Structures are given as structure tokens and as C-alpha cells.
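Since the structure comes first, as C-alpha cells, the remarks are kept for the end.
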Amino acid sequence: MDRRSFLSWVGLGWLASSLPVALAACSNQTASAPPTVTAIGTPSADGFQAVSTVADLDKAGQLMVKDFPGGAVLVVKDAAGVTAVSPTCTHQGCVVTWKGDQKAFVCPCHDAKFAADGKVVAGPATRPLKTFTAKIEGDSVLVKA
Ligand code: FES
């Protein structure tokens with residue numbers, strides 16, 4: 001076996017051994033994305049709309065409501081209560097997710113962090129996330145448009 005053939009086989013082996021790692025890294029990003037739901041109610045006279053059941057939110061920890069009036073809303077429930085924000089990062093528009101262990105919304109693109117109230121904790125974003133008033137009534141999670 002000449003040198004060129006040997007290096008080709010080594011390169012092919014490296015590529016084959018790296019592929020599962022690359023695929024696992026991609027699947028981990030998908031696994032951390034919040035489940036997407038469809039709002040389940042129509043807006044009431046006071047502007048609140050049911051977006052989920054408490055049981056579904058408890059199960060997932062966070063839910064992405066895609067069809068909310070005015071754009072998607074990310075709803076999170078933790079010990080402090082229920083929070084709803086626009087998931088669009090104010091830096092360059094990537095979609096943030098809630099990281100319960102950091103108690104922050106984190107952007108996967110450039111690692112901006114936002115507190116539960118939407119305020120910037122770490123840049124490069126400089127503007128807060130848009131927030132929505134959210135509450136729980138009975139078994140429903142309500143967000144005000
Ligand atoms: Fe979110 Fe850059 S797009 S930090």
C-alpha cells in the first residue's frame with residue numbers, strides 16, 4: 001500500500017467514526033426544542049386566550065405556541081409561576097429556548113441569555129424579549145395577546 005492509499009483509508013476511517021458523533025450532536029439540539037402546540041381557545045373579552053392545559057405544560061416544562069395572535073409565544077412554567085415571551089431573539093432573530101437549570105431563555109446562535117422576565121442577562125443581545133401576561137385558571141394556561 002502506497003502512502004496516498006494509506007492516507008485515503010485513514011481519512012475515510014476518520015470520517016466514518018465522526019459521523020455518529022455529528023448526528024448525535026444534531027439530535028441533541030432537536031431534543032431540547034420545546035414541543036409545539038396549537039392554541040386551544042379563542043380570545044376572551046379581556047384578551048386572554050387559552051394556549052394549553054396545565055398538565056401539558058407541566059409535562060413538557062415549556063411549550064411553543066405557533067399560532068398565537070401577533071406571532072409565536074414560548075410559555076414556561078417553573079416554581080416562580082407561568083411566563084410567556086416571544087421566542088425571537090432580539091439580536092438576530094434565532095429562536096430561544098428555556099433552560100430550567102440556568103433559569104434563563106438561551107439563544108442557540110450566539111449564547112445571549114434572557115431572564116424569565118425577558119430582560120437581557122448576557123449579550124450580544126441588547127434589547128429584552130417581548131413579554132406577555134400569562135396566568136393559570138383552573139386547568140388552562142392563558143396568555144394575553
Ligand atoms: Fe440570538 Fe445572536 S441571534 S444571540
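Counting convention: from 1, in listed order, for ligands and their atoms alike. The model shown is predicted, which means the values in this text are computed figures rather than measured ones.
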(message) Tell me whether atom 2 (Fe) of ligand 1 has His91 as a neighbour, meaning an N, O or S atom of it below 2.8 Å.
(response) yes

(message) Return the CG to NE2 distance between Asp111 and His91, rounded to the nearest 0.5 Å.
(response) 11.5 Å

(message) Taking less than 2.5 Å as the test, are the sulfur gamma atoms of Cys89 and Cys107 close enough?
(response) no

(request) Using 2.8 Å as a strict upper limit, say whether an N, O or S atom of Cys89 approaches atom 1 (Fe) of ligand 1 that closely. (result) yes

(message) List ligand 1 atoms under 4.0 Å from Ala112, heavy atoms only on the residue side.
(response) 4 (S)

(message) Quick test: of every protein heavy atom, which one is nearest to atom 3 (S) of ligand 1, and how far off is it to 0.1 Å?
(response) Gln92 N, 3.3 Å

(message) For the backbone of Val75 and the side chain of Gln62, can you confirm whether one donor and one acceptor N or O come within less than 3.5 Å of each other?
(response) no

(message) Measuring only between side-chain heavy atoms, which start at C-beta, is Val95 closer than 4.5 Å to Thr88?
(response) no

(request) For Cys94, take its heavy atoms, then give the atoms of ligand 1 lying under 4.0 Å from any of them. (result) 3 (S)

(request) Check each heavy atom of Cys107 against ligand 1 and say whether those closer than 4.0 Å belong to the side chain, the backbone, both or neither. (result) side chain

(request) Give a yes/no answer: is there an N/O/S atom of His110 under 2.8 Å from atom 2 (Fe) of ligand 1? (result) yes

(request) Locate the shortest heavy-atom distance separating Leu57 from Ser52; write the atom from each residue and the value. (result) N-OG, 3.9 Å

(request) For the pair Asp46 and Lys144, find out whether any cationic side-chain nitrogen is under 4.0 Å from an anionic carboxylate oxygen. (result) no

